[in-house]
J.: 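Before I ask anything, let me first share the structure, which is written out below as structure tokens.
So you know, we letter chains A, B, ... as the sequences are listed, proteins then strands, and number each from 1. Every value quoted in this text rests on a predicted model; they were computed, and no experiment measured them.
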Protein chains: 2
Amino acid sequence: MTVKLEDVAELAGVSKTTVSRVLNNRGYISEQTRKKVHEAMEELHYSPNAVARQLFKKETKLVGLIFPSVDNPFFGELAAELEKRLFKQGFKVLIGNSMNDPEKEKAYLKELIGNQVDGLIVGAHNYNIDEYKVTNLPIVAIDRIINDDIPIIASDNYQGGKLATELLISKGAKNIIVTDGPLDFQTPAHNRRIAYESVMKKNKLIPKSFIIDFNWNLDKKIKEIKRMFKTYPNMDAVFATNDADAALIWRIAKRMNIKVPEELKIVGYDRATSTRILLPELTSIEQPVEEMASLAVKTLIKRIKGEKTVPKQIVPVTLWKGESV
Amino acid sequence: MTVKLEDVAELAGVSKTTVSRVLNNRGYISEQTRKKVHEAMEELHYSPNAVARQLFKKETKLVGLIFPSVDNPFFGELAAELEKRLFKQGFKVLIGNSMNDPEKEKAYLKELIGNQVDGLIVGAHNYNIDEYKVTNLPIVAIDRIINDDIPIIASDNYQGGKLATELLISKGAKNIIVTDGPLDFQTPAHNRRIAYESVMKKNKLIPKSFIIDFNWNLDKKIKEIKRMFKTYPNMDAVFATNDADAALIWRIAKRMNIKVPEELKIVGYDRATSTRILLPELTSIEQPVEEMASLAVKTLIKRIKGEKTVPKQIVPVTLWKGESV
DNA sequence: TTGAAAGCGCTAACAG
DNA sequence: CTGTTAGCGCTTTCAA
């Protein structure tokens, strides 16, 4: 059905070997033969079968990405940056949005492990998934703890939490609430809250946290945020550990006629491109997406080549001063 | 090196065929044999080689996505929705961000055509790329014109432009500027502008358009928008054909102390999730991302199965009334 | 400078 | 119910 190397060989009147050599620019070939082969390829619209090549070479030049969802702007941007860099290194990207669903993540992993990809970049691990332990596939994790063998790239979550909390306190806030994801979800992002708690205590203030699960839909989130306002009527600041939540809190405050930043100060987290464009007024901790992507790709490629890598790489965050504090 | 089917067969004391049958639940197998095989697989941590299977079956269960960038919220969301639906149908997703670069797009296409994917969903076509003509790979286009053979899914761009313009006029705007991407880029999105022009003329108003290229970086965009304000000092409304541009225009107006909506009315386009969350105040035309994704996947799967498909499917848009008009 | 032949790991006739 | 065998399309020794 489809044109294969053999057809090209036949039309050009040479052997499969010769065509393969022309295709890969390997070995000695006379100009004349090369030309004949090229003509035959053109005429038949030949394109080599990548799968057959992969089977032989035992490499696919594919890297799997497992993230909660490219829907989330931060992960979308990260995915785009990773893809850009991987493409330059000759890799294409297989994407899998886990939707924070361990079953879906497990399903992906199982299939990808079957020589489908040369490596994996993961940022979606929720609960313990055994498959990560069994495989010897090269893996790099972004802002997620998986296990000791898997190197991790993260931004300085602790520093981010510290910067945010100190800023709020310096502006006179006393009743500062932090929002965080569910605690049984293991992630270095919890360090944002931990830093907050430490700074609060150092300033003789009482840390209070409020759970906002990223798996909740918009309505549920709004309901919970409203509950937060009721639960803490005296709160004068919120440190939201992502920008989407910060934006929601801001919006709800507005509806309740609470003035930002006079009556309520808000700091977000991430500062993905869409936040920068759509809501530059939001004070937020900016994660260096490009740098994280760059490190992840470099580390993964080292792993694929079998080189040693450091187990942990932390990159600095910066404070963006908007108008919400 | 890696464990293969043969190793499992040997350990279990059966033939490769039997193992294959257990793996695929095909044919008759005694419970005892099945058990033996399963045990052997467990013991060896066997996972089947997807590539070998692909070579034989001549299908990869992979679908390629070619988009400008999953960075862009609208495309990020679309990609996430497509991935979700394709996964349910047993397909994984290979992503390629063209970055609106015809060379990169061409490079992707060439490789993907080599039996790497079973189908393609494209939303990034800029200029004419011959490869689309040569291949008989099943392809579906989203909001992009490629050629007559490739079915297209689009939202009702004309209706969107009409809704936006009529709203602005009904609110008393007279000097309405439309922003559009470069004209030599073929896309149904131009119908947004075309509808605008038609409605303007019908109302005896003069249509004026201003080019904002999506390939420009943020600084260049800001510079150009400032130039737009200078060029049209009397403008009292802007219909921006995407939300990011609308947000920038709003921000710049704010800096210039131009009151929105009193002195300047703004309508955007897309209403991806991040806009809904970060900037719900923006009046905008909402594209039904989920429906578009659903249609695209259904259509592609029909194509893959060799079934007939309609050449064009248009889905309705809706007007979101924010506070910017 | 070129070709013949073996094999990458799996599946599916076909035969038993 | 199970095994033998050929082959998916390509690359690469090895030999000419």
J.: B:R21 CZ to D:dG3 P: how many Å, rounded?
T.: 8 Å
J.: Find out whether the Lys NZ or Arg CZ of B:K104 is both under 6.0 angstrom from the six-membered ring centre of A:F87 and within 45° of the ring's axis.
T.: yes
J.: Can a donor-acceptor pair be found, under 3.5 Å and without considering hydrogens, that links the side chain of B:N157 to the backbone of B:S155?
T.: yes
J.: Nearest whole Å is fine: how far is C:dA4 C1' from A:K16 NZ?
T.: 10 Å
J.: Is B:R26 touching bases, backbone alone, or none of the nucleic acid, heavy atoms closer than 4.0 Å?
T.: sugar-phosphate
J.: Checking the side chain of B:D118 only, and the main-chain atoms of B:K61 only, is there a donor and an acceptor separated by less than 3.5 Å?
T.: yes
J.: Take a 6.0 Å sphere around CD of A:E59 and say whether it holds more than 12 heavy atoms from other residues, nucleotides or ligands.
T.: yes
J.: Is the phosphate of C:dT1, meaning OP1 or OP2, less than 4.0 Å from a side-chain N or O of A:T18?
T.: no
J.: Over how many whole Å does the gap from A:E6 atom CD to D:dT11 atom C1' extend?
T.: 14 Å
J.: Just how far, in rounded Å, is C1' of C:dG9 from CG of B:D7?
T.: 10 Å
J.: Select base, sugar-phosphate, or nothing to describe what B:V14 touches, counting heavy atoms under 4.0 Å on all strands.
T.: sugar-phosphate
J.: Find the distance A:K36:NZ to C:dT2:C1' and express it as a whole number of Å.
T.: 10 Å
J.: Would you please confirm or rule out a distance under 4.0 Å between OP1 or OP2 of D:dT2 and any side-chain N or O of B:S30?
T.: yes
J.: For B:T33 and for B:K57, locate the closest nucleotide of DNA chain D by heavy-atom distance; then report the residue assigned to the nucleotide nearer the 5' terminus.
T.: B:T33
J.: Is a donor-acceptor contact shorter than 3.5 angstrom present between the side chain of B:T17 and the base of D:dT4?
T.: yes
J.: Heavy atoms from C-beta onward define the side chain here; which of C:dC10, C:dT1, D:dC10 lies closest to that of A:R53?
T.: D:dC10
J.: Check whether any side-chain N or O of B:S15 sits under 4.0 Å from OP1 or OP2 of D:dG3, and answer yes or no.
T.: yes
J.: Ignoring backbone atoms, establish whether B:N24 has a side-chain N or O less than 4.0 Å from OP1 or OP2 of C:dT11.
T.: yes
J.: Would you call A:E39-A:K35 a salt bridge at under 4.0 Å N-O?
T.: yes
J.: Under 4.0 angstrom, heavy atoms only, what part of the nucleic acid is B:I29 near: base, sugar-phosphate, or nothing?
T.: sugar-phosphate
J.: So, A:D7 side chain and A:K4 main chain: donor-acceptor pair closer than 3.5 Å or not?
T.: yes
J.: Can you tell me the distance, in whole Å, between the NZ atom of A:K4 and the P atom of D:dG9?
T.: 4 Å
J.: Does C:dG9 have its OP1 or OP2 closer than 4.0 Å to a side-chain nitrogen or oxygen of A:K58?
T.: yes
J.: Taking atom types as they are modelled, is there a donor-acceptor pair under 3.5 Å from the base of C:dA12 to the side chain of B:S20?
T.: no
J.: How close or far is atom C1' of C:dT11 from atom CD of B:E59, stated in whole angstroms?
T.: 12 Å
J.: Please pick, from C:dT1, D:dG9, C:dC10, the nucleotide with the shortest atom-to-atom distance to any side-chain atom of A:A52.
T.: D:dG9
J.: Look at B:Y46 and C:dG9 and indicate whether a side-chain polar atom (N or O) is within less than 4.0 Å of OP1 or OP2.
T.: no
J.: Between C:dG7 atom C1' and B:L5 atom CG, what is the distance in whole Å?
T.: 16 Å
